[in-house]
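All heavy atoms count here, side chains included; hydrogens, waters and symmetry mates do not. To find a chain, count down the sequence lines: A is the first, B the second, and so on, and within it residues start at 1.
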4 protein chains.
Amino acid sequence: MAGSENKKVVRNKERIIRAALELFRVHGIKKVAISDVAQKAGISSATIYNHFGSKENMVYATVRYFLTSKLTDFRKVMEGNLTFLEKLEQILMYKEEIFGQYQGELLQEIISDNSEIQQFIDSVYLVEATQILNEFYEEGKKQGYINPELSIKTIMLYSEIIRKGIAGRSILSEDPERNRNLMHDLMPLFIYGIVGNPGKQYL
Amino acid sequence: MAGSENKKVVRNKERIIRAALELFRVHGIKKVAISDVAQKAGISSATIYNHFGSKENMVYATVRYFLTSKLTDFRKVMEGNLTFLEKLEQILMYKEEIFGQYQGELLQEIISDNSEIQQFIDSVYLVEATQILNEFYEEGKKQGYINPELSIKTIMLYSEIIRKGIAGRSILSEDPERNRNLMHDLMPLFIYGIVGNPGKQYL
Amino acid sequence: MAGSENKKVVRNKERIIRAALELFRVHGIKKVAISDVAQKAGISSATIYNHFGSKENMVYATVRYFLTSKLTDFRKVMEGNLTFLEKLEQILMYKEEIFGQYQGELLQEIISDNSEIQQFIDSVYLVEATQILNEFYEEGKKQGYINPELSIKTIMLYSEIIRKGIAGRSILSEDPERNRNLMHDLMPLFIYGIVGNPGKQYL
Amino acid sequence: MAGSENKKVVRNKERIIRAALELFRVHGIKKVAISDVAQKAGISSATIYNHFGSKENMVYATVRYFLTSKLTDFRKVMEGNLTFLEKLEQILMYKEEIFGQYQGELLQEIISDNSEIQQFIDSVYLVEATQILNEFYEEGKKQGYINPELSIKTIMLYSEIIRKGIAGRSILSEDPERNRNLMHDLMPLFIYGIVGNPGKQYL
DNA sequence: AATGAATGAGGGTTCATTCAT
DNA sequence: GATGAATGAACCCTCATTCAT
């Protein structure tokens with residue numbers, strides 16, 4: 001019976017995390033009270049404490065859960081059969097969701113208060129994401145999409161800036177069609193800059 | 001003597017706003033209690049209520065003060081004698097302070113709760129900033145720094161994305177020297193994109 | 001054992017209400033702080049909020065509890081074996097407690113601020129009380145105690161005026177003996193008016 | 001110049017009292033803040049303190065002012081040429097305004113907290129009012145309107161009860177016509193009681 | 001493991017009152 | 001005498017957290 005109980009526990013933990021995730025997205029982390037999460041998950045506040053010990057830990061678990069699942073999605077995209085430029089687009093938009101959809105800086109606010117989350121992000125999450133990106137950009141150089149004189153570090157910083165910039169609330173809308181058009185307009189700028197490259201055609 | 005009395009009041013109001021500004025920057029708006037601001041300003045909480053009526057109004061006044069002063073700085077830079085590229089750099093870095101230093105999304109969180117601030121930003125602040133930028137980018141086209149085929153709208157979106165991206169906490173540091181080097185690395189990317197332009201030299 | 005838990009909660013809620021009731025009677029509703037009630041009930045203020053949500057709701061619950069219990073008492077008296085005149089005396093004095101002991105207008109002040117209480121009093125409390133009184137006065141007419149030419153409505157208004165008048169603080173004292181004498185003096189006036197009826201003897 | 005300044009002061013004091021009076025009637029004494037009165041009077045809160053020293057004293061002055069003016073009105077009516085019954089009606093209705101319009105018990109709440117007001121009411125106000133009433137009821141006995149066997153004390157208590165009862169918020173309305181009809185219905189009850197006196201006609 | 005109940009530590013806000021000008 | 005500004009003491013209320021069952 002231990003097994004089935006265990007499953008029940010896990011399921012309850014997930015329900016809590018899912019409820020938290022949803023509420024965090026809508027209201028921001030600071031505005032969400034433990035009791036809100038409990039109510040949304042259909043359990044009592046005390047149960048959350050039984051599982052996580054503190055609000056901080058619960059937020060930690062929620063963020064970790066979220067980042068882990070996003071990283072999995074990200075890995076899938078990068079291992080898929082898209083072209084370089086398509087993948088680049090995904091990085092800038094898709095990866096955006098990792099932090100962006102979640103009010104990146106609200107999350108960062110939490111992160112900066114919680115060394116455990118920081119640890120997790122720095123050593124587990126970013127390391128892996130960086131590795132994947134590293135390989136991707138190296139491949140881009142080989143394929144001639146990226147100026148080989150640029151350091152990978154600079155490129156990653158650049159794309160991180162753009163990702164962050166896009167992740168800001170007001171850039172992307174709820175309408176996927178509109179977002180696609182937006183990205184279509186912007187991609188030449190990412191690739192050729194504001195001076196542009198009249199001789200070449202994007203895509 | 002009426003003037004000096006008036007100044008005293010204004011000075012006190014400014015002290016409150018300055019205290020709030022400093023605390024907001026460090027801890028975020030939500031974490032700062034009225035009593036914190038009062039203590040930092042060396043007055044009582046009630047005095048803040050005498051001046052502003054509510055925390056919301058005080059935040060509003062603080063944000064408005066901040067944005068107004070930043071806009072003044074920005075206008076000065078744009079009307080100054082820098083080259084186009086230097087001004088561009090300023091836009092991307094300096095303007096960053098307007099929202100960025102302020103944990104952009106924390107501010108936006110407040111903004112979205114307060115239609116008055118929203119009104120102010122949309123109709124007063126953004127309109128003027130946009131106008132200045134508009135002229136600047138038009139000039140850039142004439143001087144050959146910007147691909148004339150690009151619409152101003154797209155360029156502004158692009159630079160907004162980059163500004164937002166840079167404004168994110170972790171990009172810029174407290175060290176101005178380091179930031180300058182950073183911008184030196186990144187400017188070619190903004191201008192020529194990731195493909196680059198081997199034939200031309202940036203500045 | 002579930003029952004005993006339930007009882008404990010109920011007992012606590014009642015303790016709060018009883019504490020509130022006592023304090024309201026002595027100091028008036030507005031002067032009583034939640035913390036006063038909490039202290040008197042031997043619990044924390046937060047507990048009151050857990051139970052009632054707001055001061056307004058707590059007052060509502062207290063008033064409802066009070067009125068309900070008074071109505072029960074009143075009904076018992078009216079269904080009892082007293083004579084018509086004895087019952088009339090009870091109405092004018094006993095019913096007094098319902099509003100009167102409670103500083104009628106202080107209560108009404110609250111009532112006018114709280115539509116829920118108003119609803120309760122109008123639709124639940126007054127309806128039932130009025131019904132009981134209605135039957136009582138009809139019976140009084142049949143038994144010759146009341147001028148049959150008078151409308152029930154007028155009689156009820158009259159007795160309501162007298163009840164309210166008696167309910168005023170300074171009329172009745174703490175001394176039951178004194179109150180009884182008082183009522184003995186006044187009853188002939190209620191019954192025969194200021195002109196009196198020399199031919200008849202009261203009681 | 002002292003005289004004219006003095007007038008100015010007196011006028012200011014009256015403005016304060018009038019503002020207070022109006023606000024007390026509408027909102028009740030407890031809900032009215034000094035700053036409300038100041039605003040309504042078009043002066044600063046501090047000025048009220050210059051004149052009265054404390055809120056309590058200001059309330060005291062306001063109540064005294066009010067009662068004094070009402071007593072004057074009352075005296076005029078009683079010395080006028082109305083019939084006994086007309087005067088009685090006035091007593092029950094008109095006098096009502098003295099306390100009633102002013103949420104009698106709210107006022108009494110204040111009174112009970114302030115021995116100075118209590119003193120004033122007991123020794124100055126009530127003594128005079130009682131004297132006037134005393135003479136009136138004695139005259140009523142002589143004219144045969146009042147049962148001579150009743151003690152004046154009892155009659156006064158009775159009429160006080162009825163006055164208080166009428167003074168309660170819900171009895172009298174804003175419509176004078178309606179109030180007159182009401183009194184017309186009730187006067188026979190006051191005079192002949194609930195048993196009535198079929199042989200006689202009221203008025 | 002789950003919960004209902006209780007709570008301490010604040011946080012925003014109001015208001016009678018004081019004081020320098 | 002009048003005032004603008006400042007304040008301390010409360011007050012209502014929220015929330016993360018604990019604990020007995």
Base, sugar-phosphate or nothing for A46(C)? Non-hydrogen atoms, less than 4.0 Å.
base
Between dC15(F), dT17(F), dG12(E), which nucleotide has the shortest distance from any of its atoms to the side chain of S45(A)?
dT17(F)
Given side chain to side chain contact (heavy atoms under 4.5 Å, CB included), test F120(C) with V63(C) step by step and report yes or no.
CA-CA 10 Å; F120(C) 173 75; V63(C) 169; 5.7 Å; no
Paired with dC12(F): which nucleotide, if any, by Watson-Crick or G-U wobble criteria at under 3.5 Å for both distances?
dG11(E)
Atom CD1 of I48(B) and atom NZ of K13(B): how far apart are they, to the nearest 0.5 Å?
12.0 Å
Any side-chain N or O of H51(B) below 4.0 angstrom from OP1/OP2 of dG4(F)?
no
Considering every strand shown, what is the Watson-Crick or G-U wobble mate of dT17(F) when both distances are under 3.5 Å?
dA6(E)
Give me the atom names and distance for the closest heavy-atom approach of A38(A) to S44(A).
CB-C, 3.7 Å
Given dG4(E), dT17(E), dC12(F), identify the nucleotide with an atom nearest to the side chain of S54(D).
dT17(E)
Could you work out which one of dG11(E), dA16(F), dA16(E) sits closest to the side chain of A33(D)?
dA16(E)
N50(A) vs V32(B), nearer the 5' end of DNA chain E by closest nucleotide:
N50(A)
Take atom OH of Y60(B) and atom C1' of dG12(E), then tell me their distance rounded to the nearest Å.
21 Å
When you measure from the side-chain N and O atoms of T47(A) to the phosphate of dA2(E), is any distance below 4.0 Å, counting only OP1 and OP2?
no
Assess whether a salt bridge exists between R18(A) and E14(A), defined as any Lys/Arg side-chain N lying under 4.0 Å from an Asp/Glu carboxylate O.
yes
If only side-chain N and O atoms of N12(D) are considered, is one of them under 4.0 Å from the OP1 or OP2 phosphate oxygen of dA2(F)?
yes
Check every atom of dG4(F), dT17(E), dC12(F) against the side chain of K55(D) and return the nucleotide holding the closest atom.
dT17(E)
Whole angstrom value for the distance that separates P of dC15(F) from OH of Y49(C):
13 Å
